[in-house]
Structure formats: C-alpha cells, structure tokens
Protein chains: 2
Amino acid sequence: MKNALRVRRSENFADWYQEVIREADLAEHSGVRGCMVIKPWGWAIWEKLQERLDRLIKATGHDNCYFPLFIPLELLEKEASHVEGFAKEMAVVTHHRLEMKDGKLVPAAPLESPLIVRPTSETIIGEAMARWIKSYRDLPMKLNQWANVVRWEMRPRLFLRTSEFLWQEGHTAHATREEALEETHTMLGVYRRVVEGDMRIPVIPGAKTPHERFPGADETHTIEAMMQDGRALQAGTSHFLGQNFAHAAGIQFQDKDGTVRHAFTTSWGVSTRLIGALIMTHSDDDGLRLPPRMAPRQVVIVPILRDEAGRDTVIAAAKALAERIAAQRFDGEPIRVQVDLKDDSPANKRWGWIKKGVPLILELGPRDIANESVALTRRDAIGEKQRILPMAEFVTEVPTMLEAFDQALLTQALDYRKAHMVEGIASFADLTAHFGQESGTGFVLGKWSGDPDIEDRLSSIGVTIRCLPHEQSGSEGKCLITGAPATIDAVYAKAY
Amino acid sequence: MKNALRVRRSENFADWYQEVIREADLAEHSGVRGCMVIKPWGWAIWEKLQERLDRLIKATGHDNCYFPLFIPLELLEKEASHVEGFAKEMAVVTHHRLEMKDGKLVPAAPLESPLIVRPTSETIIGEAMARWIKSYRDLPMKLNQWANVVRWEMRPRLFLRTSEFLWQEGHTAHATREEALEETHTMLGVYRRVVEGDMRIPVIPGAKTPHERFPGADETHTIEAMMQDGRALQAGTSHFLGQNFAHAAGIQFQDKDGTVRHAFTTSWGVSTRLIGALIMTHSDDDGLRLPPRMAPRQVVIVPILRDEAGRDTVIAAAKALAERIAAQRFDGEPIRVQVDLKDDSPANKRWGWIKKGVPLILELGPRDIANESVALTRRDAIGEKQRILPMAEFVTEVPTMLEAFDQALLTQALDYRKAHMVEGIASFADLTAHFGQESGTGFVLGKWSGDPDIEDRLSSIGVTIRCLPHEQSGSEGKCLITGAPATIDAVYAKAY
C-alpha cells in the first residue's frame with residue numbers, strides 16, 4: 001500500500017519529520033534565520049497543551065505574571081556560572097532607533113548599555129524577588145510566565161531547535177531546602193502528567209548528571225522521552241537552584257526567629273519543543289497522529305457532495321450529525337467536531353485530515369444518509385477498509401472510540417520504547433559499537449560510577465547520560481564508561 | 001471620611017493613577033528602561049480580557065498562529081509609508097553572541113544584517129501571506145496572534161506607554177474591497193463588545209482622520225474612551241489597509257475568472273493599554289474597581305479569627321460558604337470566590353481587597369456563623385456601613401448583586417462622560433481657551449471641514465481629532481479649526 005507521505009520513517013527520519021510538519025501544515029521556517037512561523041494547526045495544538053498545563057500550574061498554587069523581554073547585561077554578569085552556560089548565543093539589542101540613509105534603514109541611537117533578549121528569566125525574576133521578598137510571610141513565592149525566549153541557533157530545526165521559541169517558565173522561592181526540593185519534584189510530576197497523560201508520550205523521570213545540569217543549578221530533574229528513531233528528547237526539566245541565584249540576586253528574608261536568610265529557589269519549563277516530541281512519538285508514514293486531548297478537532301466530517309441537487313441535504317445532515325457528536329463528551333469536554341466544507345474533493349479532504357492527525361474521520365454521502373450510516377476512518381487504521389457504522393451507534397460510541405485511540409497511541413509508544421531499551425552492554429567498547437549504528441540505537445540502561453569527570457568521554461561517541469532514573473534498582477555492576485564498580489542506574493542515549 | 005489612597009483623583013490624576021496600580025499590586029517599572037513587570041493581579045485581569053476576546057476572535061472565524069519576534073530590515077523597507085510612521089523608535093538587534101572581556105560581557109558576532117524587534121507584524125505576516133495565497137480559494141485568510149511588541153519609549157507610563165507591550169494583532173486578506181471593509185468593521189464591533197460589554201468602558205466608535213491613521217492604512221477605525229480626567233484613550237483600532245501592503249508584499253491571487261489580482265488586507269489590535277483604560281475609567285479614591293467579568297475574584301471572604309480555639313470552625317465555615325457561592329453562576333460561569341487565609345488582620349485584608357477592586361467583600365466571624373449572617377462590603381459603597389445579610393440570602397443573591405455592581409460601573413462611567421461632553425464651542429479661539437484649562441476638559445463635539453492640512457494647527461493646543469463618529473448627525477455648522485462651513489461631526493480632545 002502507498003503511504004500519504006513520500007518519505008518513510010525508516011528511510012530518512014529527519015526528512016520524514018520535515019514532511020510530517022509540512023503536510024500537516026504545522027509550521028515553517030521564516031525568512032529570519034532560525035525563527036519559525038507556527039501555523040494555525042500547529043498553534044491550535046500548542047493552545048491545547050497550554051490550556052492543560054496552565055490549569056495544573058494554577059492548581060498547584062502558582063500565579064501567572066509577566067517579566068520584560070530584555071535583560072540588562074549587568075544582571076546577567078551577577079551569576080557567573082549561569083552566564084558561562086548561556087552567554088554563547090543570544091540576541092543583543094544595541095540600538096533603539098532606525099534612520100533612513102541613502103534609501104537604506106540603518107541602526108541609530110546606540111543604547112548606553114546593550115540589552116539581551118531573554119534566553120531564560122532567572123536573573124530578571126531573581127532581581128524582582130529580591131525586592132518583593134522581605135519576610136517569611138512572603139514565602140513561598142510561586143510564579144510562572146508564558147513567554148518567548150531567544151537562543152541563537154546555527155542549525156535550526158522546526159520545533160526542536162529554533163532561535164525563538166515559546167515556553168512557560170516557573171520560578172519559585174522558598175524558606176527551606178526541603179520545600180524547594182519538594183516543589184522541584186511536584187513540577188516534574190505535573191510535566192509527567194501532561195506529557196504522558198495527555199500527550200501520551202511515555203517518559204522516564206530522573207536526575208541529570210552534573211554535566212547536563214542547568215547552568216547554576218544544584219540539581220536538574222528531567223523527563224526523557226524516546227523518539228521513533230531511538231533518540232532521546234528531554235521533554236521537560238525542573239531545577240533545584242539551591243541558594244545560588246538567591247545569593248547572586250540577594251533574595252533574602254527575615255525568618256520567624258528574626259534571622260535573615262537566603263531563600264532557596266527553583267525554576268522549571270517546557271516549550272514548543274514538546275510539539276516536536278509529539279510528532280516524533282506518534283506520527284507514522286501517513287503523517288501526524290494526535291492524541292485526542294491534544295487534537296484541535298477530534299472528529300471531522302467530510303460531506304460527499306456529488307451533485308448540486310443533493311448538496312444542501314448532505315450539508316444539513318452533516319451539520320446535524322456534528323451537533324449530535326458535539327453533545328457527547330470526552331474527558332469532561334464537548335467533543336471537538338468540524339464539518340469540512342472546503343472546495344475540494346472528498347478524497348483530498350480525507351487525506352488532508354489523515355495527514356493532520358485527526359483521530360476519527362467520517363465520510364457522509366447521500367447513500368449514508370439514506371441508510372443512516374457513516375463511513376469511518378480511524379487514524380490508526382488507515383490501511384484497513386473504512387468501517388460502515390450505524391450513525392446512532394457512532395454518535396454514542398465516539399467517547400469510547402477516542403478513549404481506545406488514545407490508549408492505542410500510548411501502547412504503541414510504550415511498545416516501541418520497550419523494544420529499544422538495551423540492557424546487558426558490558427563495556428565502553430560495546431557501548432561505542434552499539435551507538436556506532438546509524439539509527440534505532442535506543443536507550444542503553446547501564447551503570448555509572450558517579451564520577452562527573454568521565455562523562456566527557458561519551459562525547460566522542462555522540463552520546464550523553466540522559467538521566468539517572470528516579471527509580472533505581474540498587475543493584476551492583478560496572479560503570480559503562482570506566483568499568484569501575486558502580487551502583488547508579490543511568491540511561492545512555494543519543495539525543496535531540 | 002479618609003480614603004484608602006493618599007492621592008485623590010481630583011488633586012493629581014497622574015500620581016493617583018500610579019498609586020492605584022501600586023496599591024492594587026498590578027504592575028511596576030522594571031530595571032529595563034520602559035519595560036514593565038505585570039504582577040499576578042494585573043496579569044489575571046489581562047487573562048480575563050484575553051479569554052473573552054479570544055473567544056470572539058475565534059467565533060468570527062479567525063485562526064490563531066505565531067510569527068517571529070524579529071523582522072529583517074529588508075522587509076520593513078518595502079513599505080515606505082509604513083516605515084515612515086514607525087521607523088523612529090525600535091529595538092535593533094545587531095549581534096548574536098556575548099563574550100566575556102575583562103570581566104565584562106560585550107556583544108560579539110555581528111549579524112550580517114540587523115534585525116528589529118517587531119513593533120507590529122504587517123510586514124512579516126504580509127510576506128507569509130504572499131507565499132500562502134495563490135487562488136481565490138485561499139481567501140479570506142483570517143489570522144490572529146497574541147504577542148509582545150516593542151516600540152521604544154522615552155517617557156514610559158505603566159500600561160499606557162511601555163517599550164514592550166502585549167497585544168493581539170489580527171491580519172486578514174480578502175478578495176474584495178467590500179469584504180475587507182466589512183471585516184474592519186466587524187472587528188471594531190468585537191472590540192466594542194468586549195470594551196463596553198465586558199470592561200464596562202463606554203466608547204465612541206468612529207473613523208480616524210488622515211493625520212491619525214495607522215501608517216500605510218487607507219482607513220483606520222477606532223473606539224475612543226474618556227478617562228476620569230477628561231482625556232481620550234484610544235481603546236482599540238481596526239485598519240483597512242486597502243491594497244497597500246498587498247502591493248508591497250506581493251499578496252496576489254488568481255480570481256475565479258483567471259485574472260491575477262492583489263488582495264485587500266486589514267489589521268486590528270488591542271493591547272495591555274486596555275488595563276490602563278480600565279483603571280482610569282472605574283477606579284476611585286479607594287483604589288481599583290473591577291467589573292465582574294474582568295475580576296479574577298468576584299467575591300472574597302475574610303474570616304475573622306480572634307482566638308486559636310474558634311479558628312478551625314471559622315475557616316471551615318468560610319470554606320463551606322465559598323463552596324456554596326462557587327456553585328452559583330454569573331454570566332454562565334461559576335462565581336470566582338476566594339477565602340483569604342493570609343497571616344494579617346481582617347481590617348488590612350478588607351482594605352487590601354478594596355484597593356484590588358473586588359466587587360463583593362465579606363467578613364465572617366464567630367458571631368456571623370452563630371447568626372447565619374455575613375457582613376458585606378460592596379466595592380462601590382465603601383463609605384457606607386457594612387450590610388449584615390442572612391447567609392442564605394447572600395448566596396442566592398450573589399449573581400444579582402454582581403449584575404447590579406456591573407451596571408453601576410457602566411452607569412457611572414456613562415454619567416461622567418455625559419457630564420464632560422462639550423457642545424456649542426464656536427471658534428478656534430474658544431476651543432483654545434477651553435483646552436487651556438488644566439483638566440476635565442472632556443470631549444468637544446464640533447465640526448471639521450474635512451481638510452487634513454489644517455489638523456496640524458491643533459497640535460499647538462495639545463489637541464487631536466479623536467474620531468469622526470460613525471453616527472453622524474448630518475447637520476451643518478462651522479469647522480472648529482477654520483470657521484469654514486462644515487458638516488462632519490468630530491470629537492476633539494486631549495489624549496493619552
């Protein structure tokens with residue numbers, strides 16, 4: 001059978017990824033190096049993600065707010081280890097005016113001191129917290145913002161690595177280490193709930209090694225997902241910053257006993273990168289497949305309009321059917337259904353929605369109306385013949401079908417991951433050989449001695465320790481890098 | 001009676017405005033010149049506005065999407081009259097790296113061609129539309145984005161004029177002039193519905209004169225609101241761009257008859273400035289007052305906790321009451337209610353919520369619980385004694401009370417505007433004398449000849465024509481600037 005896409009995953013994963021995006025009309029590169037345009041279908045998916053995550057961020061006691069796009073260099077200079085990690089590629093604003101000279105626009109009016117476009121907002125939010133927090137009564141302070149950030153990218157990839165990207169960044173301050181650590185883990189749990197529970201992307205929660213930590217953090221925790229080429233994608237991170245940023249910014253409070261102490265802070269974020277993870281987890285050679293909670297439309301009805309005469313009847317029947325479907329609920333919300341009235345052939349429309357990943361696609365023509373039936377294409381069964389179902393049955397079964405589809409996506413992703421979890425590699429030589437393969441190398445589960453100085457050796461084979469899973473076996477073995485005795489379980493993989 | 005704020009509106013409107021913002025904890029200036037921090041209470045109001053407006057933008061057939069923050073100079077140069085209007089104050093990015101030199105961060109790696117941070121996105125969205133639109137089948141294309149934009153400000157004022165501000169910008173392309181004009185007016189109507197219907201800010205819809213138009217637009221339509229110092233605030237604009245941007249960007253389509261034509265485009269936007277309008281329309285000398293649809297909390301319960309013994313009983317009763325209130329609905333949504341458990345005195349808490357503008361504030365102590373009553377402060381009747389109401393009555397009456405409060409805010413705003421609409425000014429000398437007053441000069445309704453060349457004379461008296469109301473009387477009179485015979489009704493005012 002022919003597939004809807006020209007490139008197969010198994011042939012060229014990178015090209016396939018681009019084609020899924022293009023054919024689902026999610027996003028495209030803009031004329032500005034590294035910056036993308038997120039098109040309506042891509043944006044609608046991002047909105048779904050935002051809605052669900054924002055609800056949980058609020059439910060866990062955080063307030064949304066908004067901090068400036070620009071950060072003065074002086075603020076950045078305060079946190080040396082943070083700068084070290086970030087100072088490489090940032091957009092620097094040096095002028096605040098343009099002038100026309102010989103028909104060309106040129107920068108004019110230099111700023112006294114250059115500004116950078118935020119790559120993340122620890123420094124500017126820390127500066128505000130230092131002003132706002134005076135007493136233990138002001139703690140915990142739990143803030144979040146939805147914002148655009150910029151980290152200059154030389155080799156941009158849509159959603160995965162773009163110079164400008166969108167995210168939420170949470171920033172909190174606490175009186176005690178314990179409370180800040182608890183917050184760090186709570187938010188990782190929130191991310192897991194959205195990424196695994198709503199986006200149906202299985203993840204492994206764990207700690208980052210010192211090498212892979214956020215610059216300036218004492219601990220970084222992550223959820224790591226496996227893409228369909230076996231590579232890892234960091235799907236969300238939550239940082240315990242200790243008192244590092246509090247010292248740099250002067251975030252102090254008077255405790256109950258009158259002592260002035262530095263606060264403990266955290267930060268955590270997920271970004272539009274998650275759309276990339278969604279694509280690379282669930283799509284197939286016919287295009288995108290959307291878990292129902294992320295789908296801007298869960299059901300699309302394509303009316304079959306063969307002649308002008310029957311046209312109005314079919315459209316009226318399609319709209320009536322859509323209303324009945326919308327009256328059903330999935331996950332507590334009305335089913336999102338659309339009648340596709342575009343000026344195009346039914347086959348083009350059906351394939352269009354297949355490539356856009358809509359879970360359930362119906363066709364409805366005069367014969368279906370006469371028989372009170374619908375022709376159903378389930379997005380995970382494109383190869384099969386359309387099922388003809390009694391209309392009334394379809395309407396009542398929609399929630400169950402969406403549930404089954406949702407479960408099927410998770411199961412397939414879990415199956416893929418299971419099949420690409422590699423255990424039993426015993427030495428660095430074997431590790432090197434394993435990752436020497438072109439693709440599908442997956443996650444290697446092995447031991448790590450805990451020595452951060454040896455991590456560098458992995459870079460020669462393009463591999464990193466993705467995380468030290470929170471669920472540790474406690475067993476003894478040998479470090480995959482050095483062969484020394486080791487007890488720490490680690491996930492080794494190539495990564496995005 | 002003493003008021004909650006130290007400055008009265010009548011004494012110093014500008015200082016009073018700052019104090020309302022500070023005491024309601026809405027926003028503050030950041031360390032970055034002209035950029036503000038929007039704090040949680042201010043942000044929650046903005047979220048309410050976003051929710052309501054976004055729903056209407058979608059209901060009128062627009063798709064949300066996202067375009068890059070940066071715009072290449074070449075794109076800007078294409079639309080000469082647009083550049084002329086905007087090119088003055090913009091943030092210019094010239095480098096994409098920082099380096100540490102002698103312990104200081106300095107810009108490194110200059111860009112081949114500088115980028116500007118978008119002051120508005122007509123140029124970059126126009127460039128995309130030119131690629132996306134090929135045939136009449138692709139039209140209308142109706143896009144919207146929620147984004148931050150930057151226009152460098154030398155004299156920033158919170159919400160009203162900040163270098164970075166947040167807004168939505170709609171951009172549409174149509175096959176015909178008529179359809180684009182209809183879109184322009186539809187969206188002005190949407191703005192009016194939100195600003196007048198939800199924010200309770202009365203507005204006058206009208207056309208801008210050529211002088212006051214958006215750079216590059218054929219027509220600009222506006223809704224103009226009157227603040228409590230009599231000044232005008234432009235609360236939303238909708239632009240008919242004719243074929244100007246389509247010519248500059250090359251937005252062309254093949255029409256049904258095969259002819260290739262340029263599209264007609266529109267753009268329209270409202271911004272965080274509307275929060276400033278809300279403050280200056282409804283606040284009084286005790287602080288902010290929030291129309292219920294904009295209020296993050298519509299009801300707040302302050303428990304009176306006199307001794308440790310009764311503490312749990314009172315808190316439990318307050319929470320139970322909150323649940324009963326939340327089960328009621330206002331405007332189709334559950335009532336937003338909060339029990340204030342902060343560590344502070346009941347009086348401080350009550351005044352805190354008064355200054356934050358919450359419509360209904362309850363106090364609930366052991367005696368109230370025994371009597372099954374509540375003590376109510378309605379935000380528009382601070383001077384009066386608290387009303388003691390049976391608890392059950394309050395619960396069922398909440399929606400009615402919110403409705404009455406909502407109506408009262410609109411009525412007061414309408415009354416203020418009516419009292420400051422000035423008619424009967426006959427000459428430029430009288431106009432000059434009228435606007436020579438310090439404040440409260442309001443809107444002068446008068447005639448304008450229609451000659452754009454004479455508008456300049458108004459700048460000497462700090463006045464502009466705010467709009468030519470869509471509702472025209474058709475009567476004859478004399479132009480307020482020249483004394484020449486004139487039929488066009490115009491609104492003259494000082495403006496923000």
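Residue numbers start from 1 in every chain, and the chains themselves are labelled A, B, ... in the order their sequence lines are given, proteins ahead of strands.
Only the side chain of B/N148 has a heavy atom closer than 4.5 Å to any heavy atom of chain A. Only the side chain of B/K58 comes within less than 4.5 Å of a heavy atom in chain A; its backbone stays farther off. Looking at A/I116, only its side chain comes within 4.5 Å of chain B, counting heavy atoms on both sides. Of the two parts of B/I124, only the side chain, counted from C-beta on, holds a non-hydrogen atom closer than 4.5 Å to a non-hydrogen atom of chain A. Interface residue A/L73: backbone and side-chain heavy atoms are both found under 4.5 Å from chain B. There is no contact between A/M141 and chain B, counting heavy-atom distances below 4.5 Å. Of the atoms belonging to A/R33, not a single heavy atom falls under 4.5 Å from chain B. Of the atoms belonging to A/A91, heavy atoms from both backbone and side chain fall under 4.5 Å from chain B.
Between B/W152 and A/F70, the ring-plane angle classifies as tilted under the 30° and 60° cut-offs.
The shortest non-hydrogen separation linking B/P68 to A/S30 is CG-OG, 3.4 Å. Between A/P72 and B/V32, the shortest heavy-atom contact is CD-CG2, 3.6 Å.
For the pair B/V37 and A/I125, the minimum side-chain heavy-atom distance is 4.5 Å or more. The shortest side-chain heavy-atom distance between B/H96 and A/M154 falls under the 4.5 Å cut-off. Between A/V92 and B/R97 there is no side-chain heavy-atom pair separated by less than 4.5 Å. Annotation: side chain of A/L69 is in contact with side chain of B/V150 (closest heavy-atom distance under 4.5 Å). Two residues are said to be in side-chain contact when any heavy atoms from C-beta on lie closer than 4.5 Å; B/E164 and A/F67 fail this criterion.
Per-residue counts of heavy-atom pairs under 4.5 Å with chain B were compared for A/D63, A/V106, A/V93; the largest is that of A/V93. Interface remark: of the candidates A/Q145, A/K342, A/E127, A/E47, A/E47 forms the most heavy-atom pairs closer than 4.5 Å to chain B.
Between the side chains of B/W132 and A/E28, a donor-acceptor pair is found at a separation under 3.5 Å.
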Salt bridge (charged side-chain N to carboxylate O under 4.0 Å, His left out) between B/E74 and A/K104, worked out: CA-CA 9 Å; B/E74 308 85 75; A/K104 286 270 160 209; over 6 Å; no
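A/E77 places a side-chain N or O within 3.5 Å of a backbone atom of B/L105 that can act as its donor or acceptor partner.
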